K.L.:
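Sharing a structure here in C-alpha cells format.
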Amino acid sequence: MKRFLIFPCILCLVIGLLVGVLLPIDFSREDPPPSHSVNNNFISPVKSSDASGDVSSDPDLPSLDPADNFPLLAAACAVNRAIQQQNWASLSACVHPELGVTFTPYSTVDPDSDLTFTAEQIKNLAQDQTVYAWGYEDGRGDPIQMTMLQYFERYVYNTDYTQAQEIGIDRIITGGNALENLAEAYPGCRFVDFAFPSADPVHDGLDWSSLKLVFQPEPDRWCLVGVVHGEWTI
C-alpha cells in the first residue's frame with residue numbers, strides 16, 4: 001500500500017471544500033434509530049441488514065477504489081471539519097452504519113475496553129449526559145469518566161486539527177512510548193493522521209498531539225470506524 005505524507009494542511013482543506021462536489025456523500029440522510037446494549041465499558045451497536053441503513057445499496061453511487069487516496073482524504077477532511085464545527089449530524093452520517101465508531105484515548109487501540117458508539121448516538125451526543133468509563137488517565141491511572149461531549153473536548157478535539165502541521169495517509173506522523181497498533185487493530189482499513197509534532201519548540205516535542213481517523217471501505221464510500229487520539233505519554 002502506498003504511503004503518503006502531506007504538508008501543509010491547506011491541501012486537505014481544499015479537498016474538504018471539494019468533497020461536496022466530487023463525492024456523493026449525503027449528510028442529510030438519517031439512519032433508523034438503532035437498538036443497543038450498554039454496560040460500564042462498552043456500547044455495542046446492533047448489526048442490521050435493513051437496506052435503508054446501508055448506504056452502499058444505492059446503485060446510482062459510483063464504486064469506490066480503495067487504493068485511491070483522494071476519496072479517503074476527502075472523507076477524513078469532512079470528518080475533521082464536522083467535529084471542529086460540532087456538526088454532529090454530519091459526523092454521524094460518516095459513521096459506519098453497522099459497526100459504529102470506536103474511540104481510543106491514547107494511541108494504543110484496545111478492542112476489549114475502547115468504547116464504540118452508533119451513528120445515532122453520535123448524532124445526539126450533545127444531549128447525552130451519561131458519564132462513560134473511557135479508560136484510564138496516563139500516568140495517574142485514574143478512570144477517565146466523562147460524558148461524550150467532555151471526551152470529545154479532551155481526547156478527540158483538544159486542538160484545531162483543521163490546522164494540523166502535517167497529515168499522514170496510512171502513516172503515523174508522531175509517536176511516543178505507547179504502542180501504535182492501529183493497523184493491526186483495524187485490518188483492511190486505512191487511516192489519516194492529523195498531527196501537531198510540536199505546538200511550541202520550547203517543549204522539545206513533548207507537547208505533540210494527533211487525531212487519527214480510521215475508515216473502512218464500503219462499495220461506494222469510506223465509513224468512519226475509529227477515532228484514535230495521540231499525545232505524549234509517560
Side-chain angles (χ1 to χ4, degrees), residues 1-9 11-12 41-42 66-67 69 71-73 75-77 79-80 83 94-96 99-117 132-144 146 151-201 203-217 222-234:
M1 181 176 292
K2 294 182 179 179
R3 299 175 182 271
F4 293 82
L5 173 63
I6 298 176
F7 179 84
C9 185
L11 175 60
C12 179
N41 293 311
F42 187 72
N69 291 301
L72 174 66
L73 184 58
C77 288
V79 169
N80 192 342
I83 300 175
C94 300
V95 172
H96 197 289
L99 300 178
V101 56
T102 300
F103 294 89
T104 301
Y106 298 108
S107 294
T108 305
V109 180
D110 186 348
D112 294 329
S113 62
D114 291 346
L115 300 187
T116 300
F117 294 87
Y132 298 99
W134 302 85
Y136 297 91
E137 292 184 28
D138 174 64
R140 301 175 59 182
D142 295 335
I144 301 174
M146 298 178 173
Y151 180 86
F152 265 69
E153 292 174 350
R154 170 61 182 88
Y155 289 103
V156 176
Y157 225 71
N158 58 300
T159 189
D160 185 359
Y161 286 103
T162 65
Q163 304 300 314
Q165 295 170 351
E166 298 184 44
I167 303 172
I169 298 180
D170 297 325
R171 175 179 176 181
I172 302 294
I173 298 297
T174 304
N177 57 3
L179 174 65
E180 297 283 357
N181 66 338
L182 186 155
E184 293 77 17
Y186 291 97
C189 296
R190 300 186 66 188
F191 68 92
V192 177
D193 184 2
F194 297 90
F196 287 94
S198 179
D200 189 336
H203 295 125
D204 196 26
L206 297 183
D207 57 350
W208 72 270
S209 67
S210 67
L211 172 67
K212 293 181 277 287
L213 303 175
V214 189
F215 295 86
Q216 176 167 302
W222 289 99
C223 290
L224 181 70
V225 293
V227 176
V228 180
H229 169 79
E231 65 179 42
W232 183 86
T233 53
I234 298 175

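If you're wondering where the values come from, they're calculated on a predicted model, not measured in any experiment. In what follows, residues are counted from 1 in the order of the sequence shown.
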K.L.:
Can you tell me if Asp114 and Thr102 form a side-chain donor-acceptor pair at under 3.5 Å?
P.N.:
no
K.L.:
Answer yes or no: is there a donor N or O on one side and an acceptor on the other, between the side chain of Asp193 and the main chain of Ile167, under 3.5 Å?
P.N.:
no
K.L.:
To the nearest 0.5 Å, how far apart are OH in Tyr186 and CG in Leu99?
P.N.:
10.0 Å
K.L.:
So, the side chain of Trp222 versus the backbone of Pro71: is there a donor-acceptor pair under 3.5 Å, distance only?
P.N.:
no
K.L.:
I want to check something: taking the side chain as every heavy atom from C-beta on, are Phe215 and Val225 in contact at a cut-off of under 4.5 Å?
P.N.:
no
K.L.:
Going by ring pair (Phe, Tyr, Trp, His ring centres under 6.0 Å), name the residues that satisfy it together with His96, two or more places apart in sequence or in a different chain.
P.N.:
none
K.L.:
I'd like to know if the side chain of Asn181 and the backbone of Val109 have a donor-acceptor N/O pair within less than 3.5 Å.
P.N.:
yes
K.L.:
For Glu137, check salt bridge (charged side-chain N to carboxylate O under 4.0 Å, His left out) against everything at least two apart and list the hits.
P.N.:
Arg140
K.L.:
Mind checking side chain to side chain donor-acceptor pair (under 3.5 Å) for Glu231 and listing every partner two or more places apart, or none if nothing turns up?
P.N.:
Arg154, His229
K.L.:
Would you please name every residue forming a ring pair (Phe, Tyr, Trp, His ring centres under 6.0 Å) with Tyr106, sequence neighbours left out?
P.N.:
Tyr155
K.L.:
To the nearest 0.5 Å, what is the distance between CG (Asn80) and OH (Tyr157)?
P.N.:
3.5 Å
K.L.:
Is the shortest side-chain heavy-atom distance between Phe117 and Tyr132 below 4.5 Å?
P.N.:
yes
K.L.:
Minimum heavy-atom separation for Lys212 to Ser107, with atom names?
P.N.:
NZ-OG, 4.2 Å
K.L.:
According to side chain to side chain donor-acceptor pair (under 3.5 Å), who are the partners of Asp110, at least two apart in sequence or on a separate chain?
P.N.:
Ser113
K.L.:
According to side chain to side chain donor-acceptor pair (under 3.5 Å), who are the partners of Ser209, at least two apart in sequence or on a separate chain?
P.N.:
Tyr161
